Amino acid sequence: MSNSVKAILDAKGRDVVTAGPNTTVAEAAVILSKKKIGAIVIVGMENKISGIFTERDVVHAIAKAGAACLDQPVGSLMTAKVYRCHEDSTVYDLMGLMTSRRFRHVPVETNGKLAGIISIGDVVKTRIAEVELEAEQIKAYIAG
């Protein structure tokens with residue numbers, strides 16, 4: 001079993017919910033709710049990552065500005081310094097990054113363009129599958 005980002009994307013798909021920087025916070029909140037996701041990747045020209053807007057960003061915006069923030073563009077409230085991974089990154093790389101930076105979503109970039117997204121759920125699911133496979137292999141070895 002491969003624990004690379006490429007393997008995860010090959011299994012789950014490469015679709016990513018994106019929006020432009022002029023999308024309002026209210027519009028972004030509707031997208032997050034309807035799609036049942038925790039993050040929207042904000043893209044600019046040629047599908048290049050310019051930021052990420054998450055549920056946490058909605059909460060911070062409301063806490064700071066109240067309901068008035070709902071009409072603001074996500075480009076002014078998004079996380080602009082986006083940590084990215086690549087298809088050759090491993091589950092272990094992502095676990096370290098997500099834990100140390102307290103992220104739940106990491107966009108995947110290939111040749112400077114958005115190629116997918118990995119969530120903490122994807123990482124946990126992959127890791128559980130690896131552990132289960134290891135356990136089966138150990139049982140088979142012991143059973144002879």
Side-chain angles (χ1 to χ4, degrees), residues 1-140:
M1 170 173 280
S2 176
N3 65 359
S4 71
V5 166
K6 181 182 182 324
I8 295 171
L9 291 177
D10 287 347
K12 81 166 208 160
R14 295 169 185 275
D15 292 342
V16 182
V17 176
T18 63
N22 293 324
T23 303
T24 66
V25 172
E27 292 167 334
V30 168
I31 294 168
L32 290 167
S33 177
K34 281 187 177 179
K35 298 283 187 176
K36 297 180 182 178
I37 56 174
I40 301 170
V41 178
I42 308 304
V43 294
M45 301 290 285
E46 299 177 9
N47 210 30
K48 292 190 180 204
I49 301 167
S50 60
I52 191 164
F53 189 77
T54 69
E55 297 163 316
R56 289 179 184 171
D57 294 321
V58 174
V59 171
H60 290 303
I62 291 171
K64 192 173 187 179
C69 76
L70 296 174
D71 294 325
Q72 290 183 284
V74 294
S76 66
L77 301 167
M78 69 184 181
T79 301
K81 185 177 181 183
V82 181
Y83 286 84
R84 301 156 168 92
C85 67
H86 300 12
E87 289 191 9
D88 61 347
S89 300
T90 67
V91 169
Y92 300 104
D93 297 334
L94 291 175
M95 287 189 305
L97 178 65
M98 290 176 162
T99 301
S100 67
R101 297 289 181 178
R102 300 180 54 99
F103 296 149
R104 294 179 293 176
H105 303 88
V106 179
V108 181
E109 189 175 68
T110 301
N111 299 322
K113 295 183 182 179
L114 181 63
I117 192 164
I118 301 293
S119 72
I120 190 70
D122 299 326
V123 171
V124 169
K125 182 179 175 183
T126 300
R127 189 64 190 117
I128 288 170
E130 289 174 349
V131 169
E132 288 174 346
L133 179 62
E134 289 170 9
E136 289 301 317
Q137 290 173 339
I138 290 170
K139 285 179 190 176

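Predicted model only: the values in this text are computed from it and were never measured. Residue numbers start at 1 and run along the sequence shown.
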Name of the residue among Val91, Thr90, Val108 meeting side chain to side chain contact (heavy atoms under 4.5 Å, CB included) with Ile8:
Val91

Rounded distance [0.5 Å steps], CD in Gln72 versus NZ in Lys64:
9.0 Å

Measure the shortest side-chain to side-chain distance between Ile49 and Thr18 over non-hydrogen atoms and say whether it is less than 4.5 angstrom.
no

Which atom names give the shortest non-hydrogen contact between Ser50 and Gly44, and what distance separates them?
OG-N, 3.9 Å

Applying side-chain contact (heavy atoms from CB on, under 4.5 Å), run through Phe53 and Val58 and close with a yes or a no.
CA-CA 8 Å; Phe53 189 77; Val58 174; 3.4 Å; yes

Heavy atoms only: give me the nearest Gly116-Leu9 pair and the separation to one decimal.
CA-CD2, 4.2 Å

What distance do Ile128 atom CD1 and Leu133 atom CG have between them, rounded to the nearest 0.5 Å?
13.5 Å

Minimum heavy-atom distance between Arg56 and Arg102, given as atom pair plus value:
NH1-O, 2.8 Å

CD1 on Ile120 to CZ on Arg127, rounded to 0.5 Å
12.5 Å

Less than 4.5 Å apart, any side-chain heavy atom of Cys85 and any of Asp93?
no

More than 12 foreign heavy atoms under 6.0 Å from NZ of Lys12: is that the case here?
yes

Which of Thr23, Ile40, Ile42, Val41 passes side chain to side chain contact (heavy atoms under 4.5 Å, CB included) with Met78? It is Ile42

Rounded to the nearest 0.5 Å, what's the gap from CG on Leu114 to CD on Glu46? Could you check?
13.5 Å

Shortest non-hydrogen contact from Ala115 to Thr110?
CB-OG1, 3.4 Å

Ile117 versus Val16: any side-chain heavy-atom pair under 4.5 Å?
yes

I need the Tyr83 OH to Leu94 CG distance, nearest 0.5 Å.
14.5 Å

Pair Leu77-Asp57, side-chain contact (heavy atoms from CB on, under 4.5 Å): steps then yes or no:
CA-CA 7 Å; Leu77 301 167; Asp57 294 321; 5.6 Å; no

Would you say that Thr54 contacts Thr79 through its side chain, given a criterion of any heavy-atom pair below 4.5 Å between the two side chains?
no

Smallest heavy-atom separation, Glu55 atom then Leu32 atom, equals N-CD1, 4.2 Å

I'd like to know if the side chain of Ser33 and the backbone of Val30 have a donor-acceptor N/O pair within less than 3.5 Å.
no

Quick check for you: to the nearest 0.5 Å, what is the distance between Asn111 atom CG and Lys48 atom NZ?
10.0 Å

If you compare all heavy atoms of Ile52 against all heavy atoms of Val82, which two are closest, and at what distance to 0.1 Å?
N-CG2, 3.7 Å

